[in-house]
Amino acid sequence: MSDRIEIFEVGPRDGLQNERQILSTADKLALIEGLNASGLTKIEAGAFVRSDRVPQMADSESLHSRLKANGFRGDAYYLVPNMNGLERAVSVGVKQIAVFTAVSDSFNRKNIGMSVRESLSLIREMTESARREGIRVRGYVSTVFGCPFEGRITAHQALPVIEELLSLPVEQVSIGDTIGVASALGVEEVIKPLVSGGSVPGIAVHFHDTRGTALANALRAFQLGVRTFDSSIGGLGGCPFAPGASGNLATEDLVYFFKEMKVETGVDYQSLCETSLSLLGKMQGRIPSSRALQAYQANCEKNSVWDS
Ligand code: MG
């Protein structure tokens, strides 16, 4: 087992999309470049979605053009829901996109107005077009462990959707605990069959810390061989289905956890925390849900060197 993991940073998209405050393009650029400087190379930067529905992502074209003009050296990913989104991505020279579906039909219909089956055939079409354009594709599967409308989801329900996505020309499939209900046992039930099928390099996990179980789930996934973990700076994002509750696992918590286990993350912890604090300074009243970042901030005030 390799002692190195890769962190896929989703804060600038999955995080900021679920925050009330809309950040300026300049602030997003500073954030993305700060994340990259701290060692994060794969960053979900924006989304080509309807700006009337998701105003937080309305500047994705200009954001990507400015990242390119600044010579951004990481891989910037953009969420794309349909062919129109893909055309917008192509028009500004995007090289990495993310497509998404879910295990449960009710969630998928509310989210994108189509069944899981319909979305999988759309994704098939999109991945083929993307490949012709030389664009790499990452796939997300939401509601793998539970659905806000249908309740508990079993591995038996989830695996066929994950396996179908893995059979398409995608570089990776990210397994999402959309409402933060997964347990280490549930993680094992989904991941083990995929590992024994030889899919590990193509698997990422996207845990939410809604009920405080995200790190335990990450550890279980790591033990089973998973090496790519999604997380969001500062824990930005909240839980869209439980207002006030935590959402995305915080990158600081994930980096702290693995660095203390001597697992290489490629991320400089102190530089990451400073990037978070500088971002939060621009977001009025936003308290980090990251426990590690709260401790970092408190220790800095006391001049403790524990975190450095
Ligand atoms: Mg998320």
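Both ligands and their constituent atoms are indexed starting at 1 by order of listing.
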Q) Should Asp209 and Arg291 count as an ion pair when the cut-off is N to O under 4.0 Å? A) no
Q. Which value, rounded to 10°, describes the OD2(Asp14)-the Mg ion (ligand 1)-NE2(His206) angle?
A. 90°
Q. So, Phe8 versus Tyr77, ring centres under 6.0 angstrom or not?
A. yes
Q. Do any of the N/O/S atoms of Asp230, backbone or side chain, fall under 2.8 Å from the Mg ion (ligand 1)?
A. no
Q: Look at the aromatic rings of Phe258 and Phe229 and report parallel, tilted or perpendicular, splitting at 30° and 60°.
A: tilted
Q | Test side chain to side chain donor-acceptor pair (under 3.5 Å) applied to Thr143 and Ser104, step by step | A | CA-CA 7 Å; Thr143 66; Ser104 51; 3.0 Å; yes
Q: For the Mg ion (ligand 1), decide whether Asn248 has an N, O or S atom at a distance under 2.8 Å.
A: yes
